[in-house]
Participant: 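Take a look at the following structure, please.
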Protein chains: 2
Amino acid sequence: MNKKTTIYDIAEKLNITAATVSRALNNNPKISVATRKLVLDTAAEMNYEQNRLAKALKSGKSFNVGVIVPRINTNFFGSVIRGIEEELYPEGYHIIICQTHDEKELELGNINSLLNLQVDGILMSISNTKHDNNDLFKNVLKKNVPLIFFDRSKNIPGVSSVTIDDFKGAYEATQHLIDQGFKRIAHISNDQKLEIFKNRYAGYKQALLDNGLEFDESLVLESWSKVEQGKEVAKTFLDMKNPPDGIFSSSDFSALGAIQEIKERGLRIPEDIGVIGFSNEPFTKLMELTITTVDQSPIEMGKLAARVFLEEVNNSKRIRSERKVVLDPELIIRQSSLRNK
Amino acid sequence: MNKKTTIYDIAEKLNITAATVSRALNNNPKISVATRKLVLDTAAEMNYEQNRLAKALKSGKSFNVGVIVPRINTNFFGSVIRGIEEELYPEGYHIIICQTHDEKELELGNINSLLNLQVDGILMSISNTKHDNNDLFKNVLKKNVPLIFFDRSKNIPGVSSVTIDDFKGAYEATQHLIDQGFKRIAHISNDQKLEIFKNRYAGYKQALLDNGLEFDESLVLESWSKVEQGKEVAKTFLDMKNPPDGIFSSSDFSALGAIQEIKERGLRIPEDIGVIGFSNEPFTKLMELTITTVDQSPIEMGKLAARVFLEEVNNSKRIRSERKVVLDPELIIRQSSLRNK
DNA sequence: CATATTTTTGCAATCGATTACTTAATGTTA
DNA sequence: TAACATTAAGTAATCGATTGCAAAAATATG
């Protein structure tokens with residue numbers, strides 16, 4: 001069978017050494033124009049392609065970057081990855097994608113696999129599992145592999161991160177509901193072990209307090225980012241003696257579930273109840289009743305994470321600097337909350 | 001700085017050879033129980049992790065697989081990739097993802113990059129650019145790298161593929177519209193250079209003919225898979241002297257665009273006009289007016305593509321067999337087409 | 001034309017892991 | 001205890017590309 005051509009094959013054919021071939025291919029100045037041309041022509045003719053594995057082994061740089069996300073088939077993570085790729089591809093990097101499915105074991109396995117693969121860096125959004133210790137991450141740093149968190153971050157010395165200001169996003173969303181005249185605003189929260197949801201909760205609460213509204217803990221319920229779950233939570237809210245007239249959800253999916261439940265009960269949105277989601281998933285704009293939400297500019301987030309990575313690998317290895325990039329969220333006001341036109 | 005530990009480091013520490021260390025780590029039987037334990041313990045203690053680059057170079061197998069898709073941030077491709085990963089990860093493979101953005105240059109570059117990276121196989125959905133010749137793909141085969149097409153395929157000897165029966169999906173969708181009493185059915189098509197769209201067109205046409213309905217070429221228009229484009233096309237349809245009363249779109253996105261335009265004109269769906277999309281994108285189920293569509297079981301498709309790949313790498317290299325797996329599409333009937341409850 | 005200088009090429013080690021082949025160290029048997 | 005078998009560990013080559021150093025060839029200089 002047709003094996004791959006190596007520089008040795010070219011060398012043999014031309015009766016020269018592999019070293020010369022290598023130099024010719026790498027535009028090394030210490031070589032005659034004639035030989036270079038000869039080598040280049042022969043290489044093309046023999047269909048030569050560099051073995052990047054060998055080069056990586058020799059140079060200690062694989063030009064591969066690992067990207068770890070909870071799951072790949074949501075618009076948000078898909079877009080972040082797209083952003084990362086757009087930034088890294090022109091620099092010659094390739095990305096290796098792993099999913100954790102929010103499982104600790106997989107997360108651990110993925111990180112180790114990526115290190116084995118000699119990736120030049122790891123960009124990740126941590127899973128929502130309890131991380132008892134940070135040894136796992138420190139281990140990455142010890143090996144001198146840049147580690148960058150995006151979206152779901154964790155405060156670890158030496159680890160850069162790119163996140164959005166979840167507090168601000170939540171605050172503005174809640175403030176908007178208040179401005180629209182909603183008085184009793186509930187919050188569909190999510191796993192408080194994750195910073196992002198903790199911050200959204202905090203932003204919501206602060207907005208209420210700053211506006212002199214009562215903060216009622218019974219109006220905050222946790223739910224997974226699922227339509228069905230949102231529906232369930234909405235049921236609980238609507239069955240209350242004193243039900244809310246506004247819902248700020250930490251997820252578009254649960255916001256949609258809530259909307260469905262509200263409509264099924266014959267209540268009108270936004271006239272009776274206002275609803276806001278989080279993430280700007282595509283469907284929020286496509287619905288008949290478009291949903292107000294908070295945009296996290298995922299592509300931009302991916303690009304920034306990639307740039308932080310590039311900074312870290314290109315800068316002198318001696319300096320371990322740490323960057324915390326925080327993106328501004330953007331409140332996208334749509335029909336589900338806009339009562340005063 | 002803390003460099004990565006190699007088998008030489010372990011060997012040196014224990015005053016033995018790297019060969020012994022390697023054997024101990026690989027459970028080679030030719031080694032004493034005592035030494036093995038010693039090596040294993042020391043390896044753990046020194047935080048040793050295998051350099052898969054070196055192993056790959058030596059063995060000629062990288063355990064990396066390249067996946068090329070037009071874009072990653074749509075539910076369909078994201079899900080296919082998820083399926084591929086689910087099947088390959090347990091076998092020890094990692095996935096390197098590339099996007100073509102439907103650009104020929106990028107597609108070419110991606111393939112070459114992946115070959116350079118010494119991937120063990122390439123799974124791809126070809127871009128909708130004109131492929132004048134198949135040299136590109138033949139080149140991959142020549143290098144003995146299994147190549148598998150999924151969804152967007154091309155008939156090339158030696159290349160396996162996993163697709164859905166687009167003809168059948170289109171046929172059933174059209175038949176369903178006919179069964180619901182729609183008489184004048186239009187088709188929003190797409191780039192006829194791609195097999196999938198050609199087949200959907202053909203399935204649509206055949207269903208009309210089989211039911212004794214007139215096939216009117218002016219009722220077929222091409223459009224990108226975009227909401228806006230679908231709207232434009234719908235305008236053309238609705239402005240006709242004799243407008244259609246049913247639309248079968250080759251894409252969910254253009255179907256949605258059409259729906260928006262239809263509604264804006266005060267027409268009712270499905271009473272006045274029935275609409276069917278293609279792909280079962282999540283939003284089709286989430287809308288207030290749920291959209292009838294054709295499911296392509298993307299996760300299953302990814303898994304099958306992965307299995308075909310595994311078959312090819314594991315089977316004796318001598319035999320180059322070629323598999324054409326065709327999945328059955330599933331018509332998901334929802335409100336946008338269901339007139340007779 | 002001889003020597004000095006510059007170019008061009010070759011030699012050999014290296015990156016880290018694996019493995020056929022040897023050698024050394026045990027164990028077994030008569 | 002000698003002769004042989006078995007087991008454990010070492011030697012060195014290999015995968016493909018790169019690169020410091022040395023050698024050879026080409027060119028310049030007096």
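Just so you know, these numbers come straight off a predicted model, no measurement behind them. Note on naming: letters A, B, ... go to the chains in the order of the sequence lines (proteins, then strands), and numbering restarts at 1 for each one.
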Participant: Need one value for Ser59(B): base, sugar-phosphate or nothing, where a base atom within 4.0 Å counts as base even if backbone is also close, heavy atoms only.
Facilitator: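 Since no nucleic acid heavy atom lies under 4.0 Å of Ser59(B), the category is nothing.
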Participant: For Tyr8(A) and dT14(D), is the shortest distance between a side-chain N/O and OP1 or OP2 below 4.0 Å?
Facilitator: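 No, because none of the side-chain N or O atoms of Tyr8(A) sits under 4.0 Å from OP1 or OP2 of dT14(D).
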Participant: Counting only heavy atoms not in Lys37(A), do more than 12 fall under 6.0 Å of its NZ?
Facilitator: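 Open.
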Participant: Contact class for Ser32(A) vs. all strands (heavy atom < 4.0 Å): base, sugar-phosphate, or nothing?
Facilitator: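 Sugar-phosphate only.
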Participant: So which protein nitrogen or oxygen atoms get under 3.5 Å of nucleotides 10-12 of chain D's nitrogens or oxygens?
Facilitator:
unit_1  : atom_1 : unit_2   : atom_2 : d
dG10(D) : OP2    : Thr17(B) : N      : 3.1
dG10(D) : OP2    : Thr17(B) : OG1    : 2.4
dG10(D) : OP2    : Thr20(B) : OG1    : 2.6
dG10(D) : O5'    : Thr17(B) : OG1    : 3.2
dG10(D) : N7     : Arg23(B) : NH2    : 2.8
dG10(D) : O6     : Arg23(B) : NH1    : 3.2
dG10(D) : O6     : Arg23(B) : NH2    : 3.1

Participant: Step by step, work out the side chain to side chain donor-acceptor pair (under 3.5 Å) result for Tyr48(A) and Asp9(A).
Facilitator: CA-CA 9 Å; Tyr48(A) 169 77; Asp9(A) 300 329; over 6 Å; no
Participant: Have a look at Phe309(A) and tell me which of Tyr93(A), Phe150(A), Phe149(A) forms a ring-ring contact (aromatic ring centres under 6.0 Å, His included) with it.
Facilitator: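 Per the ring-ring contact (aromatic ring centres under 6.0 Å, His included) rule, the option paired with Phe309(A) is Tyr93(A), out of Tyr93(A), Phe150(A), Phe149(A).
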Participant: Would you indicate what Asn28(B) reaches in the nucleic acid, counting non-hydrogen atoms under 4.0 angstrom: base, sugar-phosphate, or nothing?
Facilitator: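 The residue Asn28(B) makes no contact with any strand.
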Participant: If we ignore hydrogens and angles and just use 3.5 Å, is the side chain of Asn26(B) paired with the main-chain N or O of Asn28(B) as donor and acceptor?
Facilitator: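 Not a single qualifying donor-acceptor pair exists.
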Participant: Give the intermediate values and the outcome of salt bridge (Lys or Arg N to Asp or Glu O under 4.0 Å) for residues Arg152(A) and Asp191(A).
Facilitator: CA-CA 12 Å; Arg152(A) 300 171 168 200; Asp191(A) 198 335; over 6 Å; no
Participant: For Thr35(A) and Asn26(B), take the nucleotide of DNA chain C holding the closest heavy atom to each; which residue's nucleotide lies nearer the 5' end?
Facilitator: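 Result of the comparison: Thr35(A).
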Participant: Testing the basics here: between Asn73(A) and Asn75(B), what is the closest heavy-atom pair and its distance to 0.1 Å?
Facilitator: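 Smallest interatomic distance, heavy atoms only, reads O-ND2, 3.8 Å.
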Participant: Identify the 5'-most and 3'-most nucleotides of DNA chain C with at least one atom closer than 4.0 Å to a non-hydrogen atom of chain A.
Facilitator: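 The contact span of chain A on DNA chain C goes from dT8(C) to dG16(C).
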Participant: Using a heavy-atom cut-off of 4.0 Å across all strands, would you classify Leu57(A) as base, sugar-phosphate, or nothing?
Facilitator: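 Answer is base: heavy atoms of Leu57(A) come under 4.0 Å of a base.
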Participant: Could you give the distance from OG1 (Thr35(B)) to CZ (Arg23(B)), rounded to the nearest 0.5 Å?
Facilitator: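 These two atoms lie 10.5 Å from each other.
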Participant: Select base, sugar-phosphate, or nothing to describe what Thr6(B) touches, counting heavy atoms under 4.0 Å on all strands.
Facilitator: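 Sugar-phosphate, no base atom in range.
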Participant: From Lys303(A) NZ over to Glu87(A) CD, what is the distance, rounded to the nearest 0.5 angstrom?
Facilitator: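 Reported to 0.5 Å precision, the distance equals 6.0 Å.
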Participant: State, to 0.1 Å, how close Val140(B) and Ile122(B) come at their nearest heavy-atom pair, and which atoms those are.
Facilitator: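 For Val140(B) and Ile122(B), the tightest heavy-atom pair comes out as CG1-CD1, 4.3 Å.
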Participant: Does Arg36(B) or Ile7(A) map to a spot on DNA chain D nearer the 5' end, using the closest nucleotide for each?
Facilitator: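 Counting from the 5' end, the first nearest nucleotide belongs to Arg36(B).
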Participant: Heavy atoms only, 4.0 Å cut-off, all strands: where does Lys55(B) land among base, sugar-phosphate and nothing?
Facilitator: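 If one applies the 4.0 Å heavy-atom cut-off, Lys55(B) turns out to touch the sugar-phosphate alone, with no base involved.
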